[in-house]
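To start, the structure itself, in structure tokens.
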Amino acid sequence: MELRYFILRRLLLLIPTVLGLSIFMFILIEAVPKAILVTPYINPHSRIPYIIQEANALKILGFNYPPPIAYLFYLDRLLHGNLGLMSMPGYPNSVAAAIVDAFPNTIQLTIFASLLSIAIAIPLGTYIGARPNSIADQAGRVFSLTGYAIPAFWLALMLQIVFGKNILLGNPLGVLPFSGSFSASAIPNPTPSWFVNGITYPTHLVIFDALIHGDFPLFVDALKHIILPVLTLTYGILAGILRFMRAGMVDASNQEYVKTARSKGVPEKLVIKRHIRKNAMIPTITVMGLLVAGLLGGVVLVEYVFAYPGMGYLTTQGILSYQIWLVIGTTLIFGLILVLTNLIVDVVYALTDPRIRY
Amino acid sequence: MMQNTEGKKSESETYLRVEKLKTQFFTARGIVKALDEIDLTIRKGEIYGLVGESGCGKSVTAQSIMYLVPDPPGRIVSGKIYVGNVNILTGLEQLAKITVKSETNVKIKRNKRMIKRHNYLLSRIRGDRISMIFQEPTLALNPVIRVGDQIAENILLHLKVDMANAILRREMSTRKDYESFVQKALSIGDKDARNKAIREWCESYSISDAEELVRNIFLTYQDPETVVKSIEFIVNERKSGTNINRLSRAREYYLYQQRLFEATLNLMEAESGKNQDEIDRARTALNEIKKEGSSFLSFRIINKFIGKRIEAPLRDAAKRRVHELLNLVNIAEPERTALSYPHELSGGMQQRVMIAMALASNPQMLIADEPTTALDVTTQAQILDLIRNLNRQMGSSVLFITHDLAVIAQMCNRVGVMYAGNIVEEADVNTIFDNPKHPYTIGLLKALPRADRIAGKMVKLETVAGSVPNLITPPTGCRFHPRCKFKMDICEKKKPELDDLGDGHKVACWLYQEPGGSGK
């Protein structure tokens with residue numbers, strides 16, 4: 001009961017947060033010279049003079065009004081799903097359309113990476129946290145500190161060199177494709193109707209679409225492509241979660257209630273599982289949320305190195321070719337994801353720790 | 001609640017016997033000799049008070065008895081602790097090899113396999129025969145588990161067999177069983193005796209929530225036929241349609257686990273005895289029981305998957321018992337309290353929950369480690385009353401640890417005074433207060449304001465000069481000699497033994513003993 005109201009309240013709180021986010025984005029827009037903003041709205045081949053086209057574009061975008069009014073124009077466009085225009089070869093003209101194509105790939109990487117890291121870090125952290133200063137613990141600490149210290153793009157490059165096909169000739173480990181989301185050779189011939197311009201339908205995720213349409217070879221090929229980027233992303237957050245899980249376990253095992261549990265005759269295994277781990281999970285969940293949100297930053301670099309057509313790749317391409325509306329648009333989406341992740345973390349937190357009650 | 005019948009008749013029997021218990025802490029600054037070969041016996045049904053300044057080893061004693069000394073840095077080095085007839089330090093030497101090179105350089109080599117087996121032994125003793133109430137209930141309850149579940153955990157660990165028996169009996173009971181019970185109950189003329197019989201019967205049928213109902217039926221109706229009918233109705237109403245085959249299979253498995261534990265215990269005892277014949281015999285016995293285990297393979301696999309469903313009737317019974325226990329410790333709304341988390345309860349309520357938890361599986365020995373220190377005075381009085389009443393009702397022994405002499409005078413039958421890791425004086429409570437012998441005890445009592453001594457006059461309270469010594473380098477001989485007014489030469493050289501002055505009044509002081517022999 002209480003929890004339902006808590007979630008409802010947090011959802012309502014989303015509205016001012018998102019409005020604040022949009023104001024911030026608008027300030028960024030205002031800081032950019034107007035000439036750059038209107039570039040994608042101008043047709044250089046048109047007979048209409050540039051100045052008139054520019055004046056028209058500024059009028060459409062609302063920039064002939066003072067900033068507060070211009071913001072309302074911007075908000076109106078946002079609410080209609082219009083994130084602006086862009087002109088990049090091989091991409092649609094609308095920023096929103098480009099993001100819709102790229103977004104699922106990023107989410108897919110993030111979800112796979114976070115699930116994998118949680119699946120590894122929680123049991124591993126429980127194991128080493130229950131045996132502080134043992135050999136396993138020392139090894140685990142080295143492993144997690146390394147993960148902290150290694151920059152994601154460097155790890156990505158190393159993985160490409162070691163496991164990437166055709167990078168080092170005669171490398172027996174080089175079995176995995178090192179860029180893109182599928183190989184050109186794996187595209188079924190003739191190209192099926194759900195495969196248009198390198199985008200698959202309905203989910204835009206090659207892995208799932210191949211499965212839905214029963215194309216098994218393409219599915220395996222796409223799966224191979226995702227392994228290296230997911231591993232790169234995983235190592236980073238895995239290290240963080242592992243460290244906190246270990247610290248939480250050590251901290252919780254020194255608490256008085258663990259003594260109580262032992263004094264009741266609870267077997268050692270259950271003491272760890274039921275009494276220590278449950279408490280160690282609480283700080284871990286907090287960091288987990290932050291780390292998963294932080295993944296989005298890492299995803300930009302990793303997607304760029306692996307040329308994986310997600311939001312990060314799209315953003316870097318946009319930055320390199322001055323697509324201001326695209327960059328603003330992806331930044332807004334990243335911000336939205338961050339806000340939503342925080343919401344989910346708060347709810348999970350309330351579910352695990354009975355002391356946190358609204 | 002079931003064992004209280006024996007409580008009175010075997011009052012002088014000992015339940016807990018601690019022999020030459022030596023606990024040390026191996027720290028970077030040296031070895032803290034926290035307990036220096038203490039001896040302690042606690043009889044069935046008595047409240048034994050352990051008193052002393054902070055840092056004198058009271059809590060370490062309690063933790064040692066439960067084998068809860070935090071390791072590292074602490075370890076029990078030697079000694080024996082008999083709980084009932086089981087030495088919980090069986091095979092202590094095999095757990096770890098301690099090589100002392102110097103005070104600060106100690107190598108401890110632990111034997112994981114032995115520690116695992118020892119933990120198994122402990123998990124069967126702790127909570128079942130001996131349980132503990134801690135100083136800070138706020139810290140001692142797990143913050144993320146509902147208190148009802150924390151209490152039920154204890155019940156489900158130790159009372160499975162009893163509960164399964166009772167449930168099976170209830171599920172399979174017929175009219176004949178009720179008839180024979182009603183006949184027996186009606187033949188008891190004494191009201192209290194009859195009520196007791198009713199209580200025991202209800203407990204043995206896992207319908208103790210209906211105890212009052214049954215009692216009223218006996219009061220209302222005289223006609224045996226009607227009584228039998230009503231009882232039949234009550235029991236039938238409580239029959240839950242449990243899968244009897246599965247539950248009885250589970251019960252067999254629990255019994256097998258119990259046999260396995262006993263055989264392991266025998267083996268451990270034999271191994272510490274170093275008699276090869278006995279070890280072999282114990283080992284073959286254990287292996288034979290282990291062989292039986294193979295017939296439970298299918299059950300164990302099923303249990304892995306639907307263990308929750310198999311245990312469901314036990315959980316129900318445990319839940320009901322939790323409510324009874326909460327009632328017993330005077331908590332007003334047991335159902336609601338059971339569902340709350342520790343932080344939602346006040347300190348007094350939390351300590352009541354702790355007590356309920358400690359009592360959950362009918363232990364015969366309760367260790368209360370300063371249970372009222374963290375509570376305010378009113379709550380303190382309530383909790384003390386509660387512990388004393390429960391001790392009287394259930395006939396279990398209590399080791400009561402406190403630094404508060406007033407509480408000792410109120411609660412205890414016998415008292416041990418501790419100083420710097422030694423028990424320096426032990427006697428029944430009146431003797432300690434009226435006729436203290438050891439200079440330390442005398443000093444402690446003089447530091448206490450007493451209505452009967454002061455009698456209207458302003459009397460300055462005395463203190464025991466100095467403070468508790470550093471136990472890394474304890475004083476030689478008697479550890480109290482640097483603070484003692486009656487210090488003699490021998491005190492620095494030789495440690496006095498705890499010597500009986502007659503009537504169970506024991507003192508460890510050279511004032512009362514000849515250096516050569518064993519006292520006057």
Side-chain angles (χ1 to χ4, degrees), chain A residues 1-3 6 122 126-138 245 248-286 347-358, chain B residues 59 62-63 65-70 72 110 112 115-116 118-147 149-158 339-344 353-354 357-358 360-361 363 366-367 369:
Chain A
M1 273 308 261
E2 277 177 325
L3 193 68
F6 171 69
I122 301 288
T126 310
Y127 182 84
I128 64 174
R131 296 159 183 76
N133 300 325
S134 65
I135 294 170
D137 181 31
Q138 304 290 0
M245 193 63 200
M249 288 291 292
V250 172
D251 182 51
S253 5
N254 291 328
Q255 297 295 321
E256 201 72 3
Y257 51 74
V258 177
K259 247 184 212 174
T260 313
R262 294 212 172 99
S263 84
K264 287 196 287 185
V266 181
E268 206 55 25
K269 258 188 198 162
L270 278 184
V271 170
I272 291 169
K273 226 171 88 179
R274 212 183 270 165
H275 291 268
I276 302 179
R277 192 173 65 186
K278 234 179 171 174
N279 283 285
M281 285 300 286
I282 293 168
T284 311
I285 284 169
T286 326
V347 172
V348 175
Y349 202 53
L351 282 176
T352 31
D353 191 350
R355 283 166 299 184
I356 310 289
R357 277 285 141 88
Y358 352 111
Chain B
S59 287
Q63 288 178 8
I65 293 171
M66 297 293 285
Y67 203 85
L68 279 176
V69 180
R110 295 178 176 78
K112 270 192 191 152
I115 289 178
K116 213 170 170 186
H118 188 236
N119 278 339
Y120 168 63
L121 161 81
L122 289 172
S123 71
R124 285 283 174 146
I125 303 279
R126 287 171 182 163
D128 187 31
R129 305 188 184 195
I130 182 165
S131 56
M132 189 160 174
I133 305 169
F134 290 86
Q135 200 173 96
E136 295 259 6
T138 323
L139 301 176
L141 290 169
N142 195 325
V144 297
I145 304 178
R146 293 178 198 278
V147 295
D149 293 342
Q150 293 192 51
I151 302 173
E153 186 178 34
N154 203 354
I155 301 169
L156 284 170
L157 280 169
H158 302 296
L339 289 178
S340 44
Y341 288 96
H343 70 277
E344 294 166 350
V353 169
M354 272 304 293
M357 201 190 301
S361 46
L366 195 64
I367 299 178
D369 185 3

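So you know, we letter chains A, B, ... as the sequences are listed, proteins then strands, and number each from 1. Note that these values count all heavy atoms, side chains included, but never hydrogens, waters or copies made by symmetry. Just so it is clear, the structure is predicted and the values come from calculations on it, not from any experiment.
Looking at Ile130(B), the atoms closer than 4.5 Å to chain A (heavy atoms on both sides) all sit in the backbone: N, CA, C or O. Residue Leu141(B) touches chain A through its backbone alone, counting heavy-atom pairs closer than 4.5 Å.
Here the straight-line distance linking atom CG of Asn119(B) with atom NZ of Lys269(A) works out to 12.0 Å at 0.5 Å rounding. Note that the CD1 atom of Ile133(B) and the OG atom of Ser263(A) stand 10.0 Å from one another [nearest 0.5 Å].
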Could you go through Met66(B) and Lys259(A), starting from their C-alpha distance and side-chain angles, then the distance that decides it, and tell me whether this counts as side-chain contact (heavy atoms from CB on, under 4.5 Å)?
CA-CA 10 Å; Met66(B) 297 293 285; Lys259(A) 247 184 212 174; over 6 Å; no
Please evaluate residues Ser123(B) and Val266(A) with respect to the criterion side-chain contact (heavy atoms from CB on, under 4.5 Å), reporting the C-alpha separation (whole Å), side-chain torsions for both, the decisive distance (0.1 Å), and the verdict.
CA-CA 6 Å; Ser123(B) 71; Val266(A) 181; over 6 Å; no
Evaluate the side-chain contact (heavy atoms from CB on, under 4.5 Å) criterion for residues Thr260(A) and Phe134(B): first the C-alpha distance (whole Å), next the side-chain angles of each, then the deciding distance (0.1 Å), finally the verdict.
CA-CA 8 Å; Thr260(A) 313; Phe134(B) 290 86; 3.8 Å; yes
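You'll find the side chain of Pro267(A) reaches within 4.5 Å of the side chain of Leu157(B), heavy atoms only. Put simply, the side chain of Ile282(A) reaches to within 4.5 Å of the side chain of Val144(B), judged on heavy atoms. With a 4.5 Å cut-off on side-chain heavy atoms, Lys264(A) and Arg126(B) do not count as touching.
Taking all atoms of both residues into account, the shortest heavy-atom contact from Pro354(A) to Pro143(B) is CG-O, 3.4 Å.
When only modelled atom types and interatomic distance are considered, Gln150(B) and His275(A) share no side-chain donor-acceptor pair under 3.5 Å.
For the pair Glu153(B) and Arg274(A), the salt-bridge criterion is met [side-chain N within less than 4.0 Å of a carboxylate O].
A 6.0 Å sphere centred on OH of Tyr120(B) holds more than 12 heavy atoms belonging to other residues, nucleotides or ligands.
Just one of Asn142(B), Thr138(B), Leu139(B) meets the side chain to side chain contact (heavy atoms under 4.5 Å, CB included) condition when paired with Tyr257(A); it is Asn142(B).
Here Gln63(B) is the residue among Met354(B), Gln63(B), Glu136(B), Arg124(B) with the most heavy-atom pairs under 4.5 Å with chain A.
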